[in-house]
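The model shown is predicted, which means the values in this text are computed figures rather than measured ones.
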Number of protein chains: 2
Amino acid sequence: MKIREKFTCPLELTHDVIKGKWKPIILWRLRLGEMSLSKLEKDIQGITQKMLLEQLKELMEFGFVNKKVYNGYPLQVDYFLTEPQGKRMIEALSIMQQIGIDFLLDRQSRAPIQE
Amino acid sequence: MKIREKFTCPLELTHDVIKGKWKPIILWRLRLGEMSLSKLEKDIQGITQKMLLEQLKELMEFGFVNKKVYNGYPLQVDYFLTEPQGKRMIEALSIMQQIGIDFLLDRQSRAPIQE
DNA sequence: CTGGATCCCGAATGATACTG
DNA sequence: CAGTATCATTCGGGATCCAG
């Protein structure tokens with residue numbers, strides 16, 4: 001994904017960053033600290049290595065994620081949130097997470113009792 | 001859009017709500033208070049009435065927006081953010097807005113000087 | 001051989017245009 | 001305004017490549 005040049009408002013820019021099925025989840029995972037591709041792949045159920053790499057690449061282009069390469073054997077690469085941009089995004093995602101939780105609770109309380 | 005039944009994490013739910021090109025912008029506009037369809041259409045450049053209606057409908061289904069119908073002449077319908085859900089979303093969007101602003105400023109400060 | 005990364009392509013989904 | 005057609009973007013599978 002290329003970064004857009006024209007925006008009506010800055011919100012659109014940020015929305016671009018977390019657009020897509022996986023990006024919010026990846027960022028959300030990375031709040032726990034830096035981790036390898038394989039760990040992310042294990043933690044995020046349903047994602048393929050390919051998707052993960054694609055999305056991480058885009059997040060890096062936007063400057064919200066970065067990576068460290070350890071030249072050892074086996075080769076290891078760790079991904080992490082950038083400071084302050086990546087970390088800042090977690091603030092927004094935290095609220096979204098809470099909204100989601102509240103939504104589910106609220107919905108549950110209205111749901112018919114299942115016996 | 002139908003609400004998903006299966007989630008890995010609540011974040012996905014909220015992400016569904018602001019998914020799409022226009023929803024965040026619509027919500028963001030509505031933070032200023034209730035307003036009519038035509039006002040929204042004027043304020044959000046580039047949106048068609050059809051898109052606007054579609055997206056508003058989805059936001060209402062999710063419970064983040066609601067509408068009041070005034071039975072007068074001419075008929076008027078005002079859309080507004082729900083309490084507390086819709087208002088809560090504005091908190092998240094505010095952070096995203098700020099991230100977008102910072103991103104642009106930062107990018108600008110690094111850009112080559114144009115003479 | 002292992003883990004990281006890219007390419008190609010069809011399928012699914014989303015956005016806009018068109019039309020009555 | 002709603003229904004449909006068209007166009008663009010995204011998702012995902014799988015093959016493949018590169019580097020220790």
Protein N or O to nucleotides 15-20 of chain C N or O, pairs below 3.5 Å:
residue: C:dA15; atom: OP1; partner: B:K21; partner atom: N; Å: 2.9
residue: C:dT16; atom: OP1; partner: B:K21; partner atom: NZ; Å: 2.6
residue: C:dT16; atom: OP2; partner: B:W22; partner atom: NE1; Å: 2.8
residue: C:dA17; atom: N6; partner: B:K50; partner atom: NZ; Å: 2.8

message = Quick check with a 6.0 Å cut-off and a 45 degree axis cone: is A:K67 positioned over the face of A:F80's six-membered ring?
response =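 Geometry flag: not set, cation outside 6.0 Å or 45°.
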query = Should A:Y70 be listed as having a side-chain N or O under 4.0 Å from OP1 or OP2 of D:dA19?
reply =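 Checking A:Y70 against D:dA19: no side-chain N or O falls below 4.0 Å of OP1 or OP2.
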Closest approach of [X] to [Y] (non-hydrogen atoms, all atoms of both residues):
| X | Y | result |
| --- | --- | --- |
| A:F62 | A:Q85 | O-NE2, 4.2 Å |
| A:I95 | B:R88 | CG2-O, 4.0 Å |
| B:Y79 | B:V77 | CE1-CG1, 3.9 Å |
| A:L56 | A:V65 | CD2-CG1, 4.2 Å |

Rounded interatomic separation in angstrom, taking [atom1] from [X] and [atom2] from [N]:
| X | N | atom1 | atom2 | result |
| --- | --- | --- | --- | --- |
| A:Q76 | C:dG4 | CD | C1' | 11 Å |
| B:E12 | D:dC11 | CD | C1' | 15 Å |
| A:K23 | D:dC11 | NZ | P | 7 Å |
| A:I26 | D:dT10 | CD1 | C1' | 14 Å |
| B:D16 | C:dT13 | CG | P | 13 Å |
| B:L52 | C:dG14 | CG | P | 18 Å |
| A:L53 | D:dA19 | CG | C1' | 15 Å |
| A:Q49 | D:dC18 | CD | C1' | 13 Å |

Given B:L53, B:L52, B:D78, the one that forms side chain to side chain contact (heavy atoms under 4.5 Å, CB included) with B:L40 = B:L52
task = Give one of base, sugar-phosphate or nothing for A:L37, where a contact means two heavy atoms less than 4.0 Å apart.
result =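 Sugar-phosphate contact only.
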inquiry  = Within the 4.0 Å heavy-atom criterion, would you say A:K67 contacts the bases, only the backbone, or no part of the nucleic acid?
reply    = sugar-phosphate
query = Does B:T14 use its side chain to pair, donor to acceptor, with the backbone of A:I99 at less than 3.5 Å?
reply = no
